[in-house]
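Quick notes on the structure that follows.
Per chain, numbering begins at 1; letters A, B, ... match sequence-line order.
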2 protein chains.
Amino acid sequence: MDATFKALADPTRRALLDRLLGKQGQTLTELVDGLGMRRQSVAKHLAILEGAGLVSCQWHGREKLHYLNTVPIAEISRRWLDRFSGQRAAAILNLRDALQENENE
Amino acid sequence: MDATFKALADPTRRALLDRLLGKQGQTLTELVDGLGMRRQSVAKHLAILEGAGLVSCQWHGREKLHYLNTVPIAEISRRWLDRFSGQRAAAILNLRDALQENENE
DNA sequence: TTGACATGCAACTATTTAGCTGCATAATAA
DNA sequence: TTATTATGCAGCTAAATAGTTGCATGTCAA
């Protein structure tokens with residue numbers, strides 16, 4: 001889970017996920033285009049995404065095709081974010097507001 | 001949004017959010033306890049969380065009370081994660097599996 | 001076979017980050 | 001007032017990170 005959060009922390013890596021969401025099975029060379037960065041840098045980012053399980057790869061001759069895997073994102077959403085954005089969090093926000101009201105008196 | 005992702009990338013900061021979810025309005029000194037780290041380090045983490053809008057603070061005498069703010073998390077969940085964990089992503093995963101099947105022939 | 005193409009591996013640099021120590025400031029309590 | 005407590009600010013170090021270049025390897029196509 002920590003690897004997933006760390007992987008998502010970089011804007012370049014989030015952009016890569018975005019592009020894979022738009023079109024699966026892209027090669028490294030294809031993904032480099034438009035990022036304003038060298039091939040090796042993008043390869044590093046993709047390796048981090050792969051290490052976090054966010055991207056799965058598949059060799060096809062000399063090309064390495066990259067596929068988005070959304071399972072880790074769904075895990076984060078389910079096991080972590082939901083606790084914060086759910087009803088309980090809203091209740092706590094209300095409590096905070098109540099405390100602030102109290103403070104302003 | 002980038003600030004939010006970066007703030008969530010650190011396990012100590014996620015732990016801080018967890019603890020604030022459990023009990024709002026804690027002081028810095030209170031939050032230091034159990035993290036195995038100096039007060040100033042925790043203060044830096046809290047400053048980053050505050051900078052990302054994930055924590056709001058309120059002075060009460062010499063004590064600075066910390067409150068969880070879930071809005072940025074909800075934003076991430078709504079504007080970013082939903083695109084990946086939704087039905088479209090599932091369809092793409094199926095497509096990926098289909099491609100892999102095809103590859104194995 | 002030869003040349004072009006796709007990728008990997010290794011080493012280097014600069015920047016950011018996480019933690020620390022030391023001192024200063026402000027508020028509470030005796 | 002004086003001592004204690006809560007926090008902030010500044011500076012330092014070590015480690016991690018993001019980017020680079022250069023070279024090696026393996027595949028496809030002529």
Side-chain angles (χ1 to χ4, degrees), chain A residues 1-20 23-68 99 103-104, chain B residues 1-20 23-68 99-100 102-104:
Chain A
M1 186 114 108
D2 186 56
T4 311
F5 273 112
K6 283 215 162 66
L8 292 177
D10 187 275
T12 301
R13 289 194 285 270
R14 292 197 301 275
L16 283 168
L17 294 181
D18 270 335
R19 295 179 57 173
L20 287 178
K23 179 184 174 191
Q24 293 264 31
Q26 295 186 70
T27 66
L28 168 58
T29 312
E30 202 170 356
L31 288 166
V32 166
D33 197 50
L35 287 182
M37 156 183 334
R38 299 294 179 187
R39 176 181 57 83
Q40 289 86 343
S41 307
V42 178
K44 275 193 184 179
H45 284 299
L46 286 170
I48 290 171
L49 289 170
E50 193 178 356
L54 286 162
V55 163
S56 317
C57 299
Q58 181 187 346
W59 280 96
H60 198 275
R62 64 180 168 182
E63 292 182 334
K64 189 181 188 182
L65 306 182
H66 297 79
Y67 297 91
L68 175 64
L99 287 167
E103 173 65 14
N104 294 336
Chain B
M1 186 113 109
D2 185 55
T4 310
F5 273 112
K6 283 213 163 66
L8 293 178
D10 187 275
T12 301
R13 290 194 284 271
R14 292 198 301 276
L16 283 168
L17 295 181
D18 270 336
R19 294 179 59 172
L20 287 179
K23 180 185 173 189
Q24 293 263 33
Q26 295 187 69
T27 65
L28 168 57
T29 312
E30 202 171 355
L31 288 166
V32 166
D33 198 50
L35 287 182
M37 158 184 329
R38 299 294 178 188
R39 176 181 58 83
Q40 288 87 342
S41 305
V42 178
K44 275 195 184 177
H45 283 300
L46 286 170
I48 290 171
L49 290 170
E50 192 178 356
L54 287 162
V55 162
S56 316
C57 299
Q58 183 187 347
W59 281 96
H60 199 275
R62 65 179 167 183
E63 292 182 333
K64 190 181 188 182
L65 306 183
H66 297 78
Y67 297 92
L68 175 66
L99 286 167
Q100 284 179 336
N102 188 50
E103 172 66 14
N104 294 334

Rounded to the Å, how far apart are [X] [atom1] and [N] [atom2]?
X: A/L16; N: D/dG19; atom1: CG; atom2: P; value: 10 Å
X: A/W59; N: D/dG26; atom1: CH2; atom2: P; value: 11 Å
X: B/E63; N: D/dG8; atom1: CD; atom2: P; value: 12 Å
X: B/D33; N: D/dT5; atom1: CG; atom2: C1'; value: 16 Å
X: B/L28; N: C/dT25; atom1: CG; atom2: C1'; value: 15 Å
X: B/E30; N: D/dT7; atom1: CD; atom2: C1'; value: 15 Å
X: A/R38; N: D/dC23; atom1: CZ; atom2: P; value: 15 Å
X: A/F5; N: C/dT17; atom1: CZ; atom2: C1'; value: 19 Å

Revision key, fill the gap. Ranking D/dA18, D/dT17, C/dC20 by distance to the side chain of A/D10, first place goes to D/dA18
Review point. Considering only D/dG8, C/dT17, D/dT20, which nucleotide approaches the side chain of B/K64 most closely?
Key: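 The closest nucleotide is D/dG8.
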Review point. Which angle, to the nearest 10 degrees, lies between the helix axes at the two ends of the helix from C/dT1-D/dA30 to C/dA30-D/dT1, each defined by five pairs?
Key: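 Helix axis angle between the two ends: 20°.
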Testing the basics here: between [X] and [Y], what is the closest heavy-atom pair and its distance to 0.1 Å?
X: A/L17; Y: A/L8; answer: CD1-CD2, 3.6 Å
X: B/L49; Y: B/A7; answer: CD2-CB, 4.1 Å
X: B/L65; Y: B/G25; answer: CD2-O, 3.4 Å
X: B/Y67; Y: B/Q24; answer: CA-OE1, 3.0 Å

Exercise for review: Taking the side chain as every heavy atom from C-beta outward, state whether B/K6 and A/P11 have any atom pair closer than 4.5 Å.
Suggested key: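 The answer is yes, as the side chains (C-beta and beyond) meet within the 4.5 Å cut-off.
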Exercise for review: With the side chain counted from C-beta on, respond yes when B/R14 and A/D2 share a heavy-atom pair under 4.5 Å apart, and no when they do not.
Suggested key: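 Counting from C-beta outward, B/R14 and A/D2 do come under 4.5 Å.
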What nitrogen or oxygen pairs link the protein and nucleotides 27-30 of chain D at under 3.5 Å?
unit_1: D/dT27; atom_1: O2; unit_2: A/R62; atom_2: NH1; d: 3.1

Check your understanding: Quick one, which residues of residues 39-52 of chain B touch DNA chain C with a heavy atom under 4.0 Å?
Key ->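 When residues 39-52 of chain B is checked for heavy atoms under 4.0 Å from DNA chain C, the hits, listed by number, are B/Q40, B/S41, B/K44, B/H45, B/I48.
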Point to revise | Whether B/R39 side chain and B/L28 backbone form a donor-acceptor pair below 3.5 Å | key: no
To the nearest 0.5 Å, what is the distance between [atom1] on [X] and [atom2] on [Y]?
X: A/H66; Y: A/L46; atom1: NE2; atom2: CG; result: 4.5 Å
X: B/H45; Y: B/L16; atom1: NE2; atom2: CG; result: 7.5 Å
X: A/L20; Y: A/L54; atom1: CG; atom2: CG; result: 10.5 Å

Practice item. Could you point out which residue of B/E63, B/K64, B/R19 forms a side-chain contact (heavy atoms from CB on, under 4.5 Å) with B/Q26? Key: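 With B/Q26 as partner, B/E63, B/K64, B/R19 yield a single side-chain contact (heavy atoms from CB on, under 4.5 Å), made by B/R19.
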Exercise for review: Would you please confirm or rule out a distance under 4.0 Å between OP1 or OP2 of C/dC5 and any side-chain N or O of A/T29?
Suggested key: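 So the side chain of A/T29 is outside the cut-off, no N or O lying under 4.0 Å from OP1 or OP2 of C/dC5.
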